[in-house]
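Written below as C-alpha cells is the structure these notes are about.
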4 protein chains.
Amino acid sequence: MARLSAKKKAVLERMTRDSLISAVEKLLQEDGWKGTTMDRIAKEAGVSKGTVYNYFKDKRDILFSVMERNTEEIREFVRSVDLGKSDPVELLRKIVDKTFMDLYEKRKLISATVQAYYEDKDLRRNIDPDQACHEDHPMREVRKVIAEVIAMGVKSGVFRPIEPAMAEAAINAMTMGVAKQFAAGMVSFPGEVYVYTVRDLVIRGLLAD
Amino acid sequence: MARLSAKKKAVLERMTRDSLISAVEKLLQEDGWKGTTMDRIAKEAGVSKGTVYNYFKDKRDILFSVMERNTEEIREFVRSVDLGKSDPVELLRKIVDKTFMDLYEKRKLISATVQAYYEDKDLRRNIDPDQACHEDHPMREVRKVIAEVIAMGVKSGVFRPIEPAMAEAAINAMTMGVAKQFAAGMVSFPGEVYVYTVRDLVIRGLLAD
Amino acid sequence: MARLSAKKKAVLERMTRDSLISAVEKLLQEDGWKGTTMDRIAKEAGVSKGTVYNYFKDKRDILFSVMERNTEEIREFVRSVDLGKSDPVELLRKIVDKTFMDLYEKRKLISATVQAYYEDKDLRRNIDPDQACHEDHPMREVRKVIAEVIAMGVKSGVFRPIEPAMAEAAINAMTMGVAKQFAAGMVSFPGEVYVYTVRDLVIRGLLAD
Amino acid sequence: MARLSAKKKAVLERMTRDSLISAVEKLLQEDGWKGTTMDRIAKEAGVSKGTVYNYFKDKRDILFSVMERNTEEIREFVRSVDLGKSDPVELLRKIVDKTFMDLYEKRKLISATVQAYYEDKDLRRNIDPDQACHEDHPMREVRKVIAEVIAMGVKSGVFRPIEPAMAEAAINAMTMGVAKQFAAGMVSFPGEVYVYTVRDLVIRGLLAD
DNA sequence: AATGAATGAGGGTTCATTCAT
DNA sequence: TATGAATGAACCCTCATTCAT
C-alpha cells in the first residue's frame, strides 16, 4: 500500500512536471522568454504559482529543463553514433540533417530557447555555479561530436584542411540562424527542401577539391 | 530671420536625434534591449524622458532608427555595386566579407538589435502598421542584392544550380548566427580568421564541381 | 502493553517537541524571527512541516514554548529565593546578576525572542485568547519578585523611597536594552565586565544616600 | 515665472515627501516594520506605488528618513550644548530628560524604528556602503556627546570612576528598553513620572559616594 | 500521527508611458 | 517644445497554512 502510494505520487509529480514544461514550451513559442511569466506558466499548467516553485528553483531553472527535454532526441542520436566505423561525410550529413530537422520541427521553441539563453546574462553562468560557463549547455555533447567528425574528415583528406572547431562553430552559427528564421516565419519555401539545401551548402563547403 | 531660425531648429533637432540614437547604441551593447530603459536613454543623451517621446513614437521606434543607421554603410556599399560587370564569385565574396566584418566590428550592437527585433512580437509589425511585415527591414536591399548575385552565378554556371533565395536565406542565417556568437563571446579564435573561414565555407558550398 | 506503548509514545512525542523547540532556538539565533521559516524549522528538527502543526498551533505558538524553556532557569532560581531572610541589596544583586548573565549567555536567542514578541501585534494576545495580555509572559514571576525585593529594600531604608514597580520597570527596560545590544554585537567591551558595570549602576541608583 | 514654477515644484515635492514620511510613521506605529508595506505606504500617502520609488531608493531608505526626521530635535538640542561651561550632572540630566521625553512622546514610532533597525540585517550596513557599520546612525552624535559628558563628570570627580563608554552604553540600553516598554503599552504609571524616575536612577547610579 | 505537495495572497521592485507645467 | 514627477500594471519570488494520502 505504501509502495503503491509512493508510485502514485511519483506518477502525479511526473505529470505535473511534464505539464509545467509543456506549458513553458507553449508560452515560449508564443511569447518568447520575456512574455513567459510565472503567472501564465502556472495558469497554463493548471497549478498555482507556488507549485511552480516547488518544481523549479526559479524561472531560469525551468528553461534549462525545457532545453534538456527538447535536445534529448538529438543528443541520444549523437550518442549512438559510432565514430570509428562511419564515413565522415555521411556521418556529418546525418547529424546535420537530424539537427536541422529537429530545428524545423521545433522551430519556435528552439529559437525561443536559444533566445532566452543569450538574453539572460546570468542564465549561462548561474544554472550551476560550480560548473564552468558553457559546460552545462545541453547541446554541448552534440557540438563536440560534430567537431570530432569534422576532424576525422580533415585527417582522412575528404575535407579541406580546416580548423574543426571553427568549422563546427560556423555550422552551429548557421543552425541557430536557421532556427531563428524558422521561428520568425521568415522562410517561405518548404521546410524540408530548405533544410537539405542548407545541409548541402555546409558539407560541400567542407569538401576537399 | 524666420528662415534662419528654422534652420537652426532643424540642426538642433538633428543633433538631439543623433544623440538619442547614439545613446541607445551604447546602452544596447552594454546591457541589451531589456536593460536599455527609457530613463537611461534620456540620461545618456542628456535630455529628459519626455523629449525622447517627442522624437520617437515609443521604445521600439528608436530601435528601428538604430538599425537603419548601422546598416547604412553596408547598404551604401551594396547599392554601389555594379551587378552587370563583376564576377559573381568575387562580388559575393566582397559583399559577404563586408557584411561579416561589419558584424564583427559591431558585434554586440548588431546582436542586441537582432535580439530585440525578434524578441518583441510586435516590433516587426508596429513600426508602421500600414506596411507589410518584413518590407521595412533595413537590410532588405542587401539581402536582395545577394540573392541576385547568386542568381547570376547560377546562370553563368559558376555556382551550382541552387535556388538563389534559399542560398541567400542560408547565408543570412549564418550571418545572424555568427553575430550572436560574437556577441555572446562564444568565439574563442581570432575574429578575422573566423570571418574568412566562414566566408570560404559558404562560397565553396555554392561553387559548381 | 497499552500502558508501555502509551509511555513510549509520550517519550517520542516529548523528543519531537524538544527537537522542534531546539530547532527554532537555533534558527532564531541565526536568522531572527522573520528568517525562521516553517520549512526550515521542520527540516532542522527532522520532521515534516505538517508535523510541526501537530505539535504547535502556529508559528507563534512555538515561540512561546521557546521563551518558556529559556527562562526556566532564572524562574527556578527566583522561585528558590527566600525573601524573608536575605539582605535586599545582596538579593537584588544576585537576581540582577543572574538575569544579566543569562542574557549574556543567550544573547541572540533572548533578543530574537523579544524581537519577535513585540514585532507581532497578535503574538501577545493570541497565544491563549482567553487570557489577559501580559499575564502569561514567562518572565512575569521573575519581575514580580524583583519588585518585591525592591519594596523590601525601600521599607528597610536601604533603598531610596522609590516606587518599586517603577524601579523594576526601569531595571527590566535596561535588561531588555542590554540584551538587544549584546545581540546586535554593539557591545565592544568584555561581556562580563559590562554586565557587572550595568548591575552596579542600577543598584547604586537605588541606594539611599 | 520659471523661478516661481520651480519654487512651486519644490514645495509640492516637499509636501509629497513629508506626506510619505508621515505615512510611514503612522504605519510603523500601527503595524511595525514588517506590516508597513510599500502598497500601504503609497495608499496612505495618497500617491502611487511608483511614486514612492521616485522619492526613496527602497524600503530601507524610507526608514532612514523617518529616523532622521524624528531624531532631529534631540540632535539639534545636543548640538547646542556647550560642553565647556556646564555642570556635567546638570547637563546629563538635561540630555537624558530630553531623550526620554522624546521617547515618551514618540513612543511607538521610536520603538518601531529601532525595531526595524535591528530586525533587518542589512539595514545597519547598507544605507551607505561606503560608510562603516554604525557610523551613519542618526543618533550617533547624541550618544557621543553623552559619553563625553560622562567623561567630564568622571574627570571632575562628581561621577564614580566608571568607563564612560560603558556607562553610555548602559544608558542607551535603558533608553531603548524604555522606548520598547512605552511602545508595548507595558508602562502603567504616568509617563512623565516614570521618565524622571528612570533618569534619577541612572544619574544617581553614576554619582560618586 | 505523519507527510509534504499545493496553495495564493502578498512581498519589494521595475519601467514604459502619460501629462500638467 | 521640453520637462520629469506620477502612474500602475506587471514582474519574480516567499512562505504560513491546509489537506489528501
Side-chain angles (χ1 to χ4, degrees), chain A residues 1-2 4-6 8-10 12-13 16-17 34-43 45-60 62, chain B residues 9 12-13 16 34-43 46-62, chain C residues 9 12-13 16 34-43 46-60 62, chain D residues 1-2 4-6 8-10 12-13 16-17 34-43 45-62:
Chain A
M1 176 105 179
L4 181 66
S5 169
K8 266 191 205 164
K9 208 195 286 187
L12 285 176
E13 285 196 15
T16 304
R17 201 187 167 77
K34 217 181 114 180
T36 301
T37 70
M38 297 305 265
D39 268 286
R40 298 184 66 212
I41 291 170
K43 179 166 276 182
V47 300
S48 76
K49 211 176 1 171
T51 297
V52 184
Y53 283 91
N54 286 339
Y55 284 82
F56 301 97
K57 194 177 132 283
D58 54 24
K59 205 190 168 191
R60 286 194 199 94
I62 309 181
Chain B
K9 200 152 66 170
L12 286 176
E13 284 193 11
T16 303
K34 216 179 119 179
T36 300
T37 68
M38 295 303 264
D39 266 288
R40 297 183 66 212
I41 292 170
K43 177 169 274 183
V47 300
S48 78
K49 220 181 344 176
T51 298
V52 183
Y53 282 89
N54 287 336
Y55 284 83
F56 299 96
K57 191 175 136 284
D58 53 23
K59 206 189 166 192
R60 289 189 196 98
D61 191 24
I62 312 181
Chain C
K9 201 152 65 171
L12 286 176
E13 285 194 9
T16 303
K34 214 178 120 179
T36 301
T37 68
M38 295 304 263
D39 267 287
R40 298 183 65 213
I41 291 170
K43 175 168 276 183
V47 298
S48 77
K49 221 180 344 172
T51 299
V52 184
Y53 282 88
N54 286 337
Y55 284 82
F56 300 97
K57 192 176 135 283
D58 53 24
K59 205 186 165 193
R60 289 189 196 96
I62 311 180
Chain D
M1 177 105 176
L4 183 62
S5 169
K8 266 191 202 164
K9 208 195 289 188
L12 285 176
E13 283 195 17
T16 304
R17 201 186 168 77
K34 215 179 115 182
T36 300
T37 69
M38 296 306 265
D39 268 288
R40 297 184 66 212
I41 292 170
K43 179 167 276 182
V47 298
S48 77
K49 211 170 10 161
T51 297
V52 184
Y53 283 90
N54 287 338
Y55 284 84
F56 301 98
K57 190 176 136 284
D58 53 24
K59 205 188 168 195
R60 287 195 199 94
D61 190 27
I62 310 182

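If you're wondering where the values come from, they're calculated on a predicted model, not measured in any experiment. Here is the naming used below: chain letters follow the sequence lines, and residue numbers restart at 1 for every chain.
- For the pair B:Val52 and D:Val52, nearest-nucleotide mapping onto DNA chain F gives the more 5' position to B:Val52.
- For DNA chain E, the span of nucleotides reached by chain B at under 4.0 Å from its heavy atoms goes, 5' to 3', from E:dC15 to E:dT18.
- Regarding contacts with the backbone of F:dG8, every side-chain N or O of D:Ser48 stays at 4.0 angstrom or more from both OP1 and OP2.
- With sequence neighbours left out, A:Asp58 forms a side chain to side chain contact (heavy atoms under 4.5 Å, CB included) with A:Arg60, A:Asp61.
- Paired runs in DNA chain F that reach 3 or more consecutive Watson-Crick or G-U pairs, where each pair keeps both distances under 3.5 Å, cover E:2-21 with F:2-21.
- The side chain to side chain donor-acceptor pair (under 3.5 Å) test applied to A:Lys49 returns A:Asp39, not counting sequence neighbours.
- Taken from CG in B:Leu12 to NZ in B:Lys9, the straight-line distance is 10.0 Å, to the nearest 0.5 Å.
- Across all strands shown, C:Phe56 has no heavy atoms under 4.0 Å from either base or sugar-phosphate atoms.
- Between D:Val52 and D:Ile62, the closest side-chain pair of non-hydrogen atoms falls below 4.5 Å.
- For the side chain to side chain contact (heavy atoms under 4.5 Å, CB included) test, residues two or more places apart in sequence or in another chain that qualify with A:Tyr55 are A:Glu13, A:Thr16, A:Arg17, A:Leu20, A:Thr51.
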Seminar exercise, completed: In B/S/- notation (B base, S sugar-phosphate only, - none; protein heavy atoms under 4.0 Å), nucleotides 10-16 of chain F written 5' to 3' is BSBBBSS
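- Among the atoms of the strands shown, only primed sugar atoms or phosphate atoms (P, OP1, OP2) are found under 4.0 Å from some heavy atom of A:Glu13.
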